[in-house]
Amino acid sequence: MKILVCISHVPDTTSKINFTDGDSKFDTNGVQFVINPNDEFGLTRAMWFKEKQGASVDVVNVGGPETEPTLRKALAIGADTAIRVNTPAVDGYQVAKELAKVVKDGGYDLVIAGRESIDYNGAMVPGMLAELVDANFVTNCISLEVDGTSAKAIREIDGGKETVSTSLPLVIGGQKGLVEESDLRIPNMRGIMMARKKPLNVVEATSAETETSSVKFEKPASKGAVTLVDADNLDELVNLLHNEAKVI
Amino acid sequence: MSVLVYTESENGKFKKTAFEVASYAKAVADQLGTTVTAVAVNADDVSELGKYGVDKVLKVSNADLKTFNAKSYASVLKQAAENESSKVVVVSSSADSKYLAPLLAVNLDAGYASNVVEVPSSTSPFTVKRTAFTNKAFNITTIDTNVKIVGVSNNSYGLVENSASATAEDFAPSVPTSGVTVESVDKVTDKVTIADAEIVVSAGRGLKGPENWGMIEELAEVLGAATACSKPVSDLGWRPHSEHVGQTGKPVAANLYIAIGISGAIQHLAGINASKVKVVINTDPEAPFFKAADYGVVGDAFEVVPALIEKLKAFKAANA
Ligand SMILES: Cc1cc2nc3c(=O)[nH]c(=O)nc-3n(C[C@H](O)[C@H](O)[C@H](O)COP(=O)(O)OP(=O)(O)OC[C@H]3O[C@@H](n4cnc5c(N)ncnc54)[C@H](O)[C@@H]3O)c2cc1C
Ligand SMILES: Nc1ncnc2c1ncn2[C@@H]1O[C@H](COP(=O)(O)O)[C@@H](O)[C@H]1O
């Protein structure tokens, strides 16, 4: 089985979010970038397939040279080859189109992406990709088994979960549950050394087609100070929630 | 040309989000000087949609659409959009809508903006405000394609009543076979889900152990709220993963979010910040959550929560 894991390169969850150039660009100053958490669960599940079922695992990112350390980290975790499509990610559709080309050219059977990226939060790249390459698609995926060309997946839905059966070629939008938090791997010294020798292929972008354009960013309005209510005076809290906040 | 809206139902009854997206679609239709057409799949009584501004309902009744299937539903919506020559399609942020919207976008050659929190500030160029960086910021985006799909963030627009009345029309689209078959659905039906809830009661590691969640569930019940938890609580197995909220869990955009024994780490706050009113109950007055909250009680959850339950019961009795 040939697996491709899509890796989004995102600011670490502790990052302070600021903008530059008249609020049109994300300010990367002092920001640590990581593998998108949802993709990390997917990559770890891919390593399980590699080790238990003999799959090959490639990783891909659509982005500029600055994303290479993130791809190297994925190689250090155990991916075989990394691919970087050399163009800045502008919108979900453009990224999905570039990924579709990589998937077709590489003949991948299973594409593991994340449910959503924590920077763009589009939750759109995996579904668009699936449709563009005419593959089956399961998102919010919290469990995945593959047997030959059949697959069984569990998907989180609002208020519960759903078990589905499907077949390869398949694209999934993964999240925690695909593997547990405790199964995530931190690259060790040997992995880091090996990653240096593994191929990181840079391919040129084919289409620059986009459907949306970012105009600018805004930060949420800063909040007023908290109103403290004495623990012995909870009537006051009920009163405030009813009469002032009007939420009960 | 009418604005098309996908109004979700469950067991024949519309979800609250259906009325919210209908209200939103009505606002967009007013901006564009057109009408609203809703697509309702296997819903019993569609007349209620008129109250939220829907002019026409395309009623789809088809046993093959009994369980949600993204591919089939996307195809139904595509046929409806073409039927109506719609230039704008509005969907919600439910798990199902987020599943089908990217498929629909490709099929309609439409640009898609998800997590949209306001009506368009301009319809030409079509400009919307959406959350990004997991609620740490907003992104103003234009959708540049001829057909546009807007995914409305839950509880961001609210329900707006209109005195229109909806006409219903039977619509029989073809339903393609999907390569994904739903084998079984395991769903709690008697509980409010985090996605649909107006109020969410959430608890963290401060509760010490899973055996102490009785009072959290009781508080939620009194308020008609959904229950949620912080990430370590689900990692420890005290509560199911599906209750984990935050940057790497579920987002919460409720009207009221009550955090009990949760410190307020940046990853937790990111996921719940879109909630309108936040209340924190914590023994530590220095807990970061107090900086993010609107109302706070410095106190022991094991004393404050039971007392609050009593006060709320009394309040409900008095206001019944
Ligand atoms: C990559 C990454 C992603 C993450 N994503 C998320 C996420 O999506 N969601 C999330 O929640 N976290 C997330 N975290 C974890 C986050 O950093 C915090 O560790 C976590 O939110 C803390 O959970 P907590 O507040 O329940 O526990 P703690 O930080 O241990 O806080 C417990 C709180 O309870 C209070 N307390 C103790 N006893 C009582 C009592 N009797 N009554 C009242 N209060 C009491 C304490 O004062 C304290 O403030 C993530 C972390 C990382 C690294
Ligand atoms: N620039 C990118 N390069 C590679 N994969 C991406 C990129 N952007 C998004 N993805 C994948 O698509 C998923 C969902 O992203 P999004 O649609 O932005 O929420 C991510 O978790 C990644 O797996």
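Nothing here was measured: the structure is a model prediction, and the numbers come from that model. Reminder, nothing fancy here: chain letters follow the sequence lines and each chain counts from 1.
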**Asked** Does the side chain of Gln267(B) pick up a donor-acceptor pair with the side chain of Thr13(A) at under 3.5 Å?
**Response** yes
**Message:** Between Thr212(A) and Gly111(B) (side chain of the first, backbone of the second, donor and acceptor by atom type, cut-off under 3.5 Å), is there such a pair?
**Reply:** no
**Asked** chain B: which of Ala153(A), Ser214(A), Ala123(A), Gly160(A) shares the most heavy-atom pairs with it under 4.5 Å?
**Response** Ser214(A)
**Message:** Working to the nearest 0.5 angstrom, can you tell me the gap between Leu103(B) CG and Glu131(A) CD?
**Reply:** 5.0 Å
**Request:** Verify the neighbour count for atom CG of Asn11(B): are there more than 12 heavy atoms of other residues, nucleotides or ligands below 6.0 Å?
**Result:** no
**Request:** Can you measure from CG (Asn239(A)) to NZ (Lys311(B)) and round to the nearest 0.5 angstrom?
**Result:** 12.0 Å
**Prompt:** Which atoms of Asp300(B) come close to chain A, meaning under 4.5 Å heavy atom to heavy atom: side chain ones, backbone ones, both, or neither?
**Reply:** neither
**Request:** Could you have a look at Glu181(A), Glu116(A), Lys16(A) and say which one has the most heavy-atom pairs with chain B under 4.5 angstrom?
**Result:** Glu181(A)
**Prompt:** Would one find more than 12 heavy atoms of other residues, nucleotides or ligands at under 6.0 Å from atom NZ of Lys101(A)?
**Reply:** no
**Asked** Relative to chain A, which segment of Lys276(B) carries a heavy atom at a distance below 4.5 Å: side chain, backbone, both, or neither?
**Response** neither
**Prompt:** Under the criterion side-chain hydrogen bond (donor to acceptor under 3.5 Å, both in side chains), which of Gln175(A), Glu180(A), Glu156(A) is the partner of His241(B)?
**Reply:** Glu180(A)
**Request:** State whether the side chain of Lys136(B) and the backbone N or O of Ser15(A) hold a donor-acceptor pair below 3.5 Å, judged by distance alone.
**Result:** yes
**Request:** Take atom NZ of Lys16(B) as the centre, draw a 6.0 Å sphere, and report whether it contains more than 12 heavy atoms from other residues, nucleotides or ligands.
**Result:** yes
**Prompt:** Between Asp134(A) and chain B, which part of the residue has a heavy atom less than 4.5 Å away: side chain, backbone, both or neither?
**Reply:** side chain
**Asked** Heavy-atom distance under 4.5 Å to chain B: side chain of Pro220(A), backbone, both or neither?
**Response** both
**Message:** I'd like to know if Lys176(A) and Asp235(B) make a salt bridge, using a cut-off of under 4.0 Å between side-chain N and carboxylate O.
**Reply:** yes
**Complete:** In terms of heavy-atom pairs under 4.5 Å with chain A, the winner among Ile194(B), Ile143(B), Asp186(B) is Asp186(B)
**Fill in**
Assert top hit (heavy-atom pairs under 4.5 Å, partner chain A, pool Thr131(B), Thr67(B), Thr127(B), Val304(B)) equals Val304(B)
**Prompt:** Closest approach of Met124(A) and Tyr112(B), non-hydrogen atoms and distance?
**Reply:** CE-O, 3.2 Å
**Asked** For the side chain of Lys223(A) and the backbone of Ala293(B), is there at least one donor-acceptor N/O pair under 3.5 Å apart?
**Response** yes
**Asked** For Tyr120(A), does its backbone N or O pair with a side-chain atom of Arg130(B) as donor and acceptor, under 3.5 Å?
**Response** yes
**Prompt:** Of all heavy-atom pairs between Val238(A) and Leu312(B), which one has the smallest distance, and what is that distance?
**Reply:** CG2-CD2, 4.0 Å
**Request:** State yes or no: are the ring centers of Phe133(B) and Phe26(A) separated by less than 6.0 Å?
**Result:** yes
**Prompt:** Going through the distances and angles, do Thr145(B) and Glu211(A) end up as a side-chain hydrogen bond (donor to acceptor under 3.5 Å, both in side chains)?
**Reply:** CA-CA 6 Å; Thr145(B) 42; Glu211(A) 295 184 331; 5.5 Å; no
**Prompt:** What's the verdict on side chain to side chain contact (heavy atoms under 4.5 Å, CB included) for Tyr295(B) and Leu228(A), showing C-alpha distance, side-chain angles and the deciding distance?
**Reply:** CA-CA 6 Å; Tyr295(B) 302 101; Leu228(A) 287 179; over 6 Å; no
**Message:** I'd like to know which of Ser184(B), Ser94(B), Ala195(B) tops the heavy-atom pair count under 4.5 Å against chain A.
**Reply:** Ser184(B)
**Prompt:** Counting N and O atoms only, with roles assigned by atom type, does the side chain of Asp158(A) sit under 3.5 Å from a partner on the main chain of Ala95(B), one being a donor and the other an acceptor?
**Reply:** yes
**Under 4.5 Å from any heavy atom of chain A - which part of Ala314(B)** = neither
**Asked** Any luck finding a side-chain donor-acceptor pair between Thr163(A) and Glu183(B) under 3.5 Å?
**Response** no
**Asked** For Ile199(B), is it the side chain, the backbone, both, or neither that has a heavy atom closer than 4.5 Å to a heavy atom of chain A?
**Response** side chain
**Request:** Against chain B, label Pro11(A) side chain, backbone, both or neither, depending on which of its atoms sit under 4.5 Å from a heavy atom there.
**Result:** side chain
**Item:** Residue Val138(A) versus chain B: region with a heavy atom under 4.5 Å
**Value:** both
**Side-chain donor/acceptor of Asp294(B) to backbone N/O of Thr227(A), under 3.5 Å** = no
**Asked** So which part of Leu223(B) gets closer than 4.5 Å to some heavy atom of chain A, the side chain, the backbone, both or neither?
**Response** side chain
**Request:** Would you mind telling me which of Lys291(B), His244(B), Glu303(B) has the largest number of heavy-atom pairs within less than 4.5 Å of chain A?
**Result:** His244(B)
**Prompt:** Is it the side chain or the backbone of Ala132(B) that comes within 4.5 Å of chain A heavy atoms, both, or neither?
**Reply:** both
**Request:** Considering only heavy atoms and a distance below 4.5 Å, find which of Lys246(A), Lys219(A), Arg115(A), His242(A) pairs most often with chain B.
**Result:** His242(A)
**Complete:** When rounded to the nearest 0.5 Å, the distance separating OG1 of Thr248(B) from CG of Asn38(A) is 8.0 Å
**Asked** Checking Asp235(A) against chain B: side chain, backbone, both or neither under 4.5 Å from a heavy atom?
**Response** both
**Request:** Name the region of Ala270(B), side chain, backbone, both or neither, that has any atom closer than 4.5 Å to a heavy atom of chain A.
**Result:** neither
**Message:** For the interface with chain A, which of Lys191(B), Lys250(B), Lys278(B), Lys148(B) has the highest count of heavy-atom pairs at distances below 4.5 Å?
**Reply:** Lys250(B)
**Contact origin within Phe290(B) toward chain A - heavy atom pairs under 4.5 Å** = both
**Prompt:** Rounded to the nearest 0.5 Å, how far apart are CG of Asn135(B) and CG of Asn121(A)?
**Reply:** 7.5 Å
**Asked** Can Lys129(B) and Glu218(A) be counted as an ion pair, charged N to O under 4.0 angstrom?
**Response** yes
**Item:** Selection from Val182(B), Asp96(B), Leu256(B) maximising heavy-atom pairs under 4.5 Å formed with chain A
**Value:** Val182(B)
**Request:** Counting only heavy atoms closer than 4.5 Å, note whether Asn139(B) contacts chain A via side chain, backbone, both or neither.
**Result:** both
**Message:** Determine whether the aromatic ring centres of residues Tyr99(B) and Phe137(A) are separated by less than 6.0 angstrom.
**Reply:** yes
**Contacting region of Val279(B) [heavy-atom separation from chain A under 4.5 Å]** = side chain
**Request:** Starting from the C-alpha separation in whole Å, work towards a yes-or-no answer on side chain to side chain contact (heavy atoms under 4.5 Å, CB included) for Thr181(B) and Thr166(A).
**Result:** CA-CA 6 Å; Thr181(B) 310; Thr166(A) 183; over 6 Å; no
**Prompt:** Where on Ala110(B) is there a heavy atom nearer than 4.5 Å to chain A: the side chain, the backbone, both, or neither?
**Reply:** backbone
**Message:** Quick check: closest heavy atoms across Ala137(B) and Phe19(A), and the distance to 0.1 Å?
**Reply:** CB-CZ, 3.6 Å
**Request:** Please flag which part of Leu241(A) lies under 4.5 Å from any non-hydrogen atom of chain B: side chain, backbone, both or neither.
**Result:** side chain
**Complete:** Between Val226(A) and Gly296(B), the two heavy atoms sitting closest are CG2-N, 3.6 Å
**Request:** Identify which part of Ile17(A) has an atom lying under 4.5 Å from any heavy atom of chain B, answering side chain, backbone, both or neither.
**Result:** side chain
**Request:** Mind checking the CD-CG spacing from Glu209(A) to Asp144(B)? Nearest 0.5 Å is all I need.
**Result:** 12.0 Å
